[in-house]
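Working notes, beginning with the structure itself.
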Amino acid sequence: MTGHQPLQPRALVMSRRGLLGGMGALALGVALSPRISLAQATGQAPADTPNPLEAILELRPDGTVFLQMPYVEGGQATSTAMAQLVGEELDLDPAMFTVECAPPLPAYVVPGTRRTTGGSSSVRRSYMPMRKLGATARAMLIQAAAARLAVPGAELATEPGRVIHPSSGRSLGYGELARAAAELPVPATPELRSPEQFRWIGKPVARIDGRDKSTGRTRYSIDVSMEGMLLASVKHAPRLGMQVRRLLNEDAVRAMRGVHSVHALAGCVAVVADRWWRANRAVEALQVEWSEAAEPGRFVMRADFSTAKAREEMRTADGPRYNAEDIGDAEGVLAAADKVVEAVYDVPFVSHAQIEPPSATASWNDAEGTLEIWLPNQAPDRFIKMISDASGIDPSKITLHSPTLGGFFGRHFVYPHSSPFPQAVALTRAVGRPVKLIWSREQEFLRDAPRPLGMARMRASIGADGMPTALKIEAVCDSLVASMGAAREAADPTAVEGLAERVYQFKNRKVDHIAYRYPVVVGALRSVGHSLNDFFMESFVDEMADAGGIDPLEWRRRMVSDSARHLALLDHVVEMSGGWRRGPYTAGDGTKRARGIAMASPFGSETATIAEVSIRDGEVQVHDIWTVIDPGRIVNPTSVRMQMQGGTALGLSLLLSEGLEFEHGKAVARNYDGYPMMAPYRMPRVHVGIIESGAEMGGVGEIGVPGGMSAAANAVARLSGERPRSLPLSKTRFAAGA
Amino acid sequence: MKTALRVFAILCLLIAAGVWVATRTPSSPFDGRPASAEISIEKGAYAARLADCVACHTAEGGAPFAGGLAMAVPMLGAIYSTNITSDKLTGVGDWTLAEFDNAVRRGVGRDGRRLYPAMPYPSYAKMDDAEVEQLYAYFTRHVDPVAAPNRPSEIPAPMNTRWPLAFWNAVFSPDKPYTPDTSKSDAWNRGAYLVQGPGHCGSCHTPRGVAMQEQSLDESSDAYLSGALLDGWYAPSLRGDPGIGLADWSEDDIVAYLRDGRNRHGVVFGSMLEAFNNSTQFMTDADLSAMAVYLKSLGPSSQNRRTIVTYDRADILRPADDAGAWIYATRCATCHGADGKGRAPSIPPLAGVSSMLADSPESAINVTLNGGGRLVKGGLPDLYRMPQMRASLTDAEIAQVLTYARGAWGNTGGAVDPKKVRELRNTTDPASSEVIILQMR
Amino acid sequence: MKLIVNGEQHELDIEQDAPLLWVIREELGLTGTKYGCGLAQCGACTVLVDGMAVRSCVTPVSSVDGASITTIEAVEQDEVGARVVEAWVRHQVPQCGYCQSGQVMAATALFKQNMNPDETDVQVAMTNYCRCGTYNAISEAIASIKEA
């Protein structure tokens with residue numbers, strides 16, 4: 001074979017129908033339902049209670065189910081939770097479910113749920129809607145069975161996957177009933193199980209995707225393959241806003257083995273080839289003369305931008321200033337106070353660094369004017385609109401697939417200039433064949449929307465009893481929501497979450513957001529504002545406690561004394577960790593260790609965390625983390641534990657080693673070698689406690705991030721006598737202990 | 001070579017004492033002679049490749065040969081390479097052949113001012129007249145004019161006084177072109193000419209004396225090409241020294257290294273990467289073979305420790321017992337192999353290579369801290385490059401892992417001091433992961 | 001060039017220095033082996049070459065000419081690999097799963113060399129990044145294989 005004729009890879013073409021092909025599915029999916037086509041064509045919203053058997057649930061003869069959920073699975077185990085919620089009420093073992101993200105079409109809307117995967121909201125928002133969906137389907141299956149067996153519905157019951165008629169011993173599989181059931185009217189109020197009867201909700205049900213993901217069978221966007229597909233790689237302008245002026249060696253690059261074509265696109269150049277690695281090598285070889293942006297703009301990166309300079313300016317930045325919380329008279333009390341504690345903290349930009357690089361596979365059908373596209377994204381209905389806006393193709397002519405994400409952590413929201421779809425669409429239109437574009441890791445580092453660089457300027461007054469009398473916080477960072485396109489003349493909630501509206505009962509408190517603008521498109525990282533603000537707040541809590549001579553656990557107990565829920569969390573974590581001992585003390589292995597404690601209230605859940613650290617050769621070692629989460633109520637304790645451990649790992653990585661610096665307007669790190677994440681061997685044991693207090697359900701996926709890192713920072717301060725105020729800690733060599 | 005810079009630091013201090021040397025313009029064989037109009041662009045370009053003019057006279061992202069590349073002079077500031085395009089006002093377009101010759105071979109500018117020997121005129125002095133004419137033709141006729149005024153150096157007065165360099169030149173710079181040794185083969189003579197003259201290999205590979213002059217400019221002393229430390233890189237011996245030199249390299253190995261940037265012993269890195277990217281890969285096989293013949297004729301240097309390397313797998317320490325071995329196993333072994341043998345020629349071995357054997361650990365430290373730049377052969381970038389470790393390993397850890405690697409598999413490079421790592425960390429920058437191709441036109 | 005992948009021999013006309021990762025993914029269509037960084041930093045591309053863990057993104061295909069390559073698609077055909085997969089499933093290791101092919105291959109190589117690895121052996125073998133932070137679950141899975 002020659003390099004110019006791509007092999008047809010053996011990988012399955014990744015479409016739902018393709019995956020189902022040959023399974024003999026009794027599909028009640030999109031293609032078979034005239035009503036869906038109607039809804040599609042008219043853009044008509046479905047009724048309040050959707051017919052689950054029409055588009056959302058596909059019951060197959062083999063007893064398995066294909067569920068198209070409103071969310072994207074990216075590791076957070078939402079698909080398993082959906083299988084549990086629907087399965088519980090449908091009466092079907094969650095293991096029988098295959099779950100994928102539904103297309104962004106009205107027919108798949110489950111009322112009460114959102115189409116955006118984020119904010120740790122998927123499970124809590126769909127707890128009731130998805131149960132109702134399952135119960136509705138079950139009621140319709142029973143009704144269909146009643147007709148088929150010619151018995152009253154009341155005589156029928158279900159066992160997992162079957163409708164049974166106990167008195168006659170007859171039974172029918174769900175798959176056999178699906179077609180008939182789909183034609184029945186949708187019952188308005190299906191009966192739900194009572195929680196005592198739950199077999200799967202609240203139980204450690206195994207992840208439904210665990211085996212596929214342990215054997216490489218799960219297909220991500222990057223694995224998509226289409227007939228006749230070409231591969232593409234891009235080279236982004238070194239600074240956002242710059243454009244291609246001239247290609248110096250286009251002919252030489254076009255002559256390289258496997259190269260199909262060379263393209264100058266908006267803000268980048270692209271090479272299309274028969275293999276990705278050839279496209280990538282060719283685009284790296286392409287010599288480009290870039291021109292500066294024609295005019296300044298919000299996201300035109302300046303050649304003189306540097307994080308070092310930004311940090312300097314942020315120390316004294318004064319506006320625009322937006323108040324987020326103002327209770328009592330913090331300024332007045334502080335002005336009159338005898339004893340004031342002050343501190344300035346800062347954290348760097350951080351990359352999402354999800355291991356799957358962004359890709360987009362686009363196929364433009366010129367004759368039909370249709371576009372099919374596979375794209376990692378966590379908001380399909382917003383992306384289809386963006387794709388339409390950017391390409392001028394009507395949404396009804398766009399098929400958007402949202403495959404399982406190889407990690408996201410907030411990476412795949414709608415940030416300007418951060419998704420590969422515009423390039424992929426331009427390329428498939430230019431070459432008239434399907435194109436899979438993959439961003440190399442280097443190109444991803446140039447266009448990821450990093451978590452904001454942030455600073456907090458904190459002041460507190462301490463009363464005679466050692467407890468604080470007033471607290472004033474100035475949170476200095478760019479506005480994330482503004483970066484995502486919302487014009488905003490108010491405090492950005494993501495800039496102050498974790499600082500404002502904390503559970504601690506300060507009588508006088510004031511929190512301002514100082515919106516310092518930098519020319520970087522910033523994004524939401526797992527736990528968003530909590531990933532920086534809880535570190536600021538919980539560190540300063542210890543500073544206030546130390547200034548007042550109060551033990552930090554005792555300080556927190558006093559400041560949450562009105563809340564039984566929070567006191568219970570503290571008691572639980574103290575007990576789990578074998579009793580509160582702040583240290584320093586000498587551990588069994590001879591190392592000197594200390595512990596720190598922190599609380600956090602992200603996304604409707606509550607946590608308390610204790611960390612134990614030591615210091616070796618000036619470097620922080622975290623040994624154990626005990627963390628307790630109270631999300632009110634849970635669906636899967638295993639998932640909760642895993643998410644808490646994973647979130648803790650990310651938080652510790654932010655604490656210990658991560659930071660994206662800019663010099664001369666360019667990100668310094670272009671690959672993981674310049675952006676060290678916490679090495680696996682540095683991962684502490686994370687012991688997770690769960691409290692189901694029955695409070696309104698909170699989130700789970702992002703909750704682990706702030707607690708462990710903040711508690712560990714407090715432990716480091718205790719052990720070394722040096723308060724870490726600037727992350728990551730790898731910048732500092734710490735003393736081995738007092 | 002742009003890196004021959006310590007020269008000025010010491011030199012300028014010396015000259016501050018005020019030694020008088022004539023400031024006259026030297027004579028050139030081309031005095032009063034018009035330049036030939038017959039020289040082809042190919043010949044001129046080849047001469048410019050041999051002498052690697054582009055490496056210094058083109059700044060990254062700048063127009064070819066318009067100068068402006070900054071070179072730091074220790075303790076004094078930066079100097080900038082000059083515009084050698086055909087621009088009549090700011091380049092050399094208006095220069096006579098004799099003026100051009102005086103700059104290239106004698107280090108004297110058109111205005112009579114002495115050039116800083118960052119310009120390797122002590123080597124170029126050995127170029128023959130024809131080569132100089134080819135360069136002249138190329139730069140004054142074939143290279144597009146670019147109006148770019150030369151940037152003055154940042155070296156403050158009185159250290160910026162340049163006339164005393166004439167004195168240095170009189171002592172250290174040859175006054176006549178290469179003279180063939182009739183007792184040797186044509187290939188040897190061609191190789192000697194290329195290595196000593198336009199190739200200016202000694203700029204990096206020959207140790208320097210008290211005045212920062214190269215200790216020898218030819219094979220008459222065994223200090224010549226015996227290995228030297230410059231700008232944070234240790235340029236190894238190109239002589240017949242075992243281990244640290246070319247004793248174990250065949251002529252074919254040398255040719256492959258200079259033509260492909262890689263062979264079974266190693267892959268170009270550091271300053272040699274630039275020399276390969278911009279110069280040696282463009283040389284003809286005949287010229288590369290000639291250089292190999294000449295280099296293989298140089299015996300071991302009496303200045304070098306005899307480094308006999310016997311590959312020994314038994315030297316491998318257990319990660320459990322040694323911090324360096326632990327870091328090697330987790331950070332290095334996936335590419336360079338637990339056995340230190342790498343995946344030559346794509347990924348170099350570490351067993352028995354000069355950076356792991358030389359007394360100077362600088363090259364090993366530098367490439368570990370900063371990673372490798374991009375090797376570009378015939379316009380095609382490499383697929384495998386050395387990552388930087390400065391962000392993920394501490395000074396102590398880099399010292400540990402290199403101490404391990406310089407002692408494993410029979411290597412005898414010796415321990416690495418964390419202080420040396422810190423020093424280099426503070427004075428070097430990470431290599432760019434971007435592909436940099438300096439076009440000549 | 002002859003390449004033996006998962007016991008099957010393939011005849012390839014490809015550049016000597018082509019990265020094994022892309023040969024596996026694009027020539028053979030085996031997409032279980034993942035691209036993460038192309039720089040041997042993350043380990044998502046780990047495969048076995050003659051039973052040893054190798055990061056295929058930095059492995060020129062010519063260097064494994066004639067060697068026996070195992071990818072995640074065939075890991076369960078290996079007795080040790082099958083045990084690793086079972087432990088991964090039982091301990092619910094994967095979250096997003098993208099790095100897990102590489103993690104499973106790294107663990108398989110570890111146990112193929114030594115069924116009773118000590119802490120250092122595990123630390124040295126298990127260096128692949130997991131951005132979801134499944135490290136605790138990986139440790140548990142590995143501990144369970146040891147005890148088994």
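Residue numbering restarts at 1 for every chain, and letters A, B, ... go by the order of the sequence lines.
Using a 4.5 Å cut-off between heavy atoms, A:L650 touches chain C through its side chain atoms alone. Neither the backbone nor the side chain of A:P204 comes within contact range of chain C; no heavy atoms are under 4.5 Å apart. Looking at A:A77, there are no atoms closer than 4.5 Å to chain C (heavy atoms on both sides), in backbone or side chain. There is no contact between C:L21 and chain A, counting heavy-atom distances below 4.5 Å. Within the 4.5 angstrom heavy-atom criterion, only side-chain atoms of A:R217, from C-beta onward, approach chain C. With a threshold of 4.5 angstrom between heavy atoms, C:T127 approaches chain A through N, CA, C or O but not through any side-chain atom. For a residue to count as touching a neighbouring chain, one of its non-hydrogen atoms must lie under 4.5 Å from one of that chain's; by this rule A:N671 touches chain C with the side chain only. In this structure, no portion of C:A40 lies under 4.5 Å from any heavy atom of chain A. Heavy atoms closer than 4.5 Å to chain C are found in the side chain of A:L231, but not in its backbone. Residue contact with chain A, scored on non-hydrogen atoms closer than 4.5 Å, involves the backbone and the side chain of C:E15 alike. Residue A:T80: no heavy atom, backbone or side chain, is found under 4.5 Å from chain C.
Relative ring orientation between A:Y672 and C:Y129 is described as perpendicular, the plane-to-plane angle rising above 60° on a 0-90° scale split at 30° and 60°.
Looking only at heavy-atom pairs under 4.5 Å with chain C, the residue among A:A353, A:G210, A:A679 that has the most is A:A353. Chain A forms the most heavy-atom pairs under 4.5 Å with one residue out of C:G81, C:A74, C:A44, C:P94, and that residue is C:P94. Among C:A18, C:G32, C:A137, C:C37, the residue making the largest number of heavy-atom pairs under 4.5 Å with chain A is C:C37. Interface summary for chain A: among C:Q92, C:M105, C:E86, C:Q41, the most heavy-atom pairs under 4.5 angstrom belong to C:Q92.
Test C:Q100, C:E76, C:E73 against A:T215 for side-chain contact (heavy atoms from CB on, under 4.5 Å) and you get one pass: C:E76.
A heavy-atom distance below 4.5 Å is found between the side chains of C:K34 and A:Y220.
Between C:Q95 and A:K213, the shortest heavy-atom distance links the atoms O-NZ, 2.7 Å.
Judged by distance alone, the side chain of C:N136 and the main-chain N or O of A:Q645 form no donor-acceptor pair under 3.5 Å.
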